[in-house]
There are 2 protein chains.
Amino acid sequence: MDQACTLIGAKVAEWREMGLDPARCPVRDLLDRIGDRWSILLLTMLAAGPMRFNALARAVPDISKRMLSQTLRTLETDGLIDRTVEPTVPPRVTYSLTPLGKSLMPPLLGLITWAEQNHASVQAARQRMAAMVAAADAVGW
Amino acid sequence: MDQACTLIGAKVAEWREMGLDPARCPVRDLLDRIGDRWSILLLTMLAAGPMRFNALARAVPDISKRMLSQTLRTLETDGLIDRTVEPTVPPRVTYSLTPLGKSLMPPLLGLITWAEQNHASVQAARQRMAAMVAAADAVGW
DNA sequence: ATAGTAGGTATAGATTAGAGACCTAACGCC
DNA sequence: GGCGTTAGGTCTCTAATCTATACCTACTAT
């Protein structure tokens, strides 16, 4: 854990030394794409196997069709998923992970595991903070 | 990699079996917080050690003060970073990772490493897609 | 006296997300 | 024939969110 901190620190220092424009670094680029409400969620849904449009919509009930379609298109553009259309009537459109998309799964699994293990701690921190704010308000700060 | 897919698939199936409200699952909760343009970036900056407000602003030149302040507050609320004010005049405010925040670094390192290794592939995919769209446009699709 | 540093907040404008209606084409029901 | 459903989306309008910019207090250095 401390080792990870050191390694990340070293990477950041290295980017800075290289004079790498922070707005253009690979990590920023990745995060700007998959760092939204839906991308990672859809990728995890596809991890188990290919799914069709409406199956994804049912699996993630609170995504609008608009965002689903848009997010899938971005993931396709970035080469993380495949979109295959069967020319039946009506057409069936199936989405699946590409090898590149699959290669994202191990790091993603790490993040998911962390989230499961530490969710309670985050909740507790939020409640502590809410309590402090309430107390401060009560005193009229 | 395929193993990670299977594990993620199993987790998703498990959540579904538990009748877990998808909007309330721990992973969603995490992603809604740190899945924005700045949170992960600021956490990586703090990995190497504590930093003050303006040092962070200089390290991430394209963040506005407003978003910097807001994002730091959210991270503090979630217990990922500490905010310590030294009561000098003017006050010095230092931000640092909490143990919880540090525990996020190993999975984050995995993601960063993936981004570095696969950035070229993503770029290539984008260019392929752009070329296809251009070709389709040319034919008048 | 003027400018700069530190750590922000306030406000207005631009961007983006979400809700819901709508579309084509086929199929089943009565 | 008319109605509803499925599939895979698009279109439009509104609501939320981000960005840029100006501003603030209180000190320090020139």
Side-chain angles (χ1 to χ4, degrees), chain A residues 21-24 28-29 31-42 45-46 50-78 81-96 129 133 136-137 141, chain B residues 21-24 28-29 31-42 45-46 50-78 81-96 129 133 136-137 141:
Chain A
D21 177 0
R24 208 163 294 166
R28 289 289 288 277
D29 194 47
L31 291 177
D32 280 356
R33 295 301 184 117
I34 69 165
D36 62 25
R37 209 203 238 12
W38 306 116
S39 295
I40 290 185
L41 198 61
L42 293 176
M45 291 300 163
L46 290 174
M51 286 178 83
R52 283 166 56 187
F53 187 89
N54 278 334
L56 283 167
R58 277 188 295 270
V60 186
D62 52 344
I63 191 174
S64 67
K65 285 182 176 183
R66 186 181 179 280
M67 284 312 294
L68 178 54
S69 150
Q70 203 173 97
T71 306
L72 288 170
R73 247 170 249 294
T74 304
L75 292 173
E76 192 197 357
T77 300
D78 285 358
I81 65 176
D82 263 335
R83 178 177 186 271
T84 55
V85 182
E86 295 169 54
T88 59
V89 169
R92 299 174 167 230
V93 182
T94 304
Y95 295 91
S96 56
M129 183 60 71
V133 170
D137 277 354
W141 283 14
Chain B
D21 178 1
R24 208 164 293 165
R28 290 288 288 278
D29 194 48
L31 291 177
D32 280 356
R33 296 300 184 119
I34 68 165
D36 62 25
R37 210 205 237 10
W38 307 117
S39 295
I40 290 186
L41 198 61
L42 293 177
M45 291 299 163
L46 290 173
M51 285 178 84
R52 283 166 56 188
F53 187 88
N54 278 334
L56 282 167
R58 276 187 296 269
V60 186
D62 52 344
I63 191 173
S64 67
K65 285 181 177 185
R66 187 180 179 280
M67 283 313 293
L68 178 54
S69 151
Q70 202 174 96
T71 306
L72 289 169
R73 247 171 249 292
T74 303
L75 292 172
E76 190 196 358
T77 300
D78 285 358
I81 65 176
D82 264 335
R83 176 178 187 270
T84 55
V85 182
E86 294 169 54
T88 58
V89 168
R92 297 173 168 231
V93 182
T94 305
Y95 296 90
S96 56
M129 183 61 72
V133 170
D137 277 355
W141 283 14

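Order of the sequence lines fixes the chain letters, A, B, ..., with proteins taken first and strands second; residue numbering starts at 1 for each chain. Since we're looking at a predicted model, the values are computed, not measured.
A:L46 contributes atom CG, which lies 10.0 Å from atom CG of A:L41 (distance to the nearest 0.5 angstrom). Atom CZ of residue B:R52 and atom CZ of residue B:R58 lie 8.5 Å apart, to the nearest 0.5 angstrom.
Residues A:E86 and A:T94 meet the side-chain proximity criterion, which asks for heavy atoms closer than 4.5 Å. When side chains are defined from C-beta on, A:R37 does not count as touching B:L31, because their heavy atoms never get closer than 4.5 Å. In this structure the side chain of A:D36 never reaches within 4.5 angstrom of the side chain of A:T74, judged on heavy atoms. With contacts defined as side-chain heavy-atom distances shorter than 4.5 Å, the pair B:R83/B:I81 does not qualify. By the 4.5 Å heavy-atom criterion applied to side chains, A:D62 and A:W38 are counted as neighbours. Between A:M67 and A:Q70, some side-chain heavy-atom pair lies under the 4.5 Å cut-off.
For the segment residues 65-76 of chain A, residues with any heavy atom less than 4.0 angstrom from an atom of DNA chain D are, sorted by number, A:K65, A:R66, A:S69, A:R73. Only B:R37, B:W38, listed by number, bring a heavy atom of residues 31-40 of chain B to less than 4.0 angstrom from any atom of DNA chain D.
The distance between atom CG of A:D62 and atom C1' of C:dA17, rounded to the nearest whole Å, is 13 Å. Atom CZ in B:R58 sits roughly 12 Å away from atom C1' in C:dG7 (whole-Å rounding).
Here the side chain of B:S39 pairs no donor or acceptor atom with the backbone of B:G35 at under 3.5 angstrom.
A 4.0 Å heavy-atom criterion places the boundary nucleotides of DNA chain D facing chain A at D:dA7 to D:dT12, written 5' to 3'.
Residue B:R83 places at least one side-chain N or O closer than 4.0 Å to OP1 or OP2 of C:dG8.
Remark: of the listed residues A:I34, A:L42, A:V60, A:L42 is the sole one forming a side-chain contact (heavy atoms from CB on, under 4.5 Å) with A:T71.
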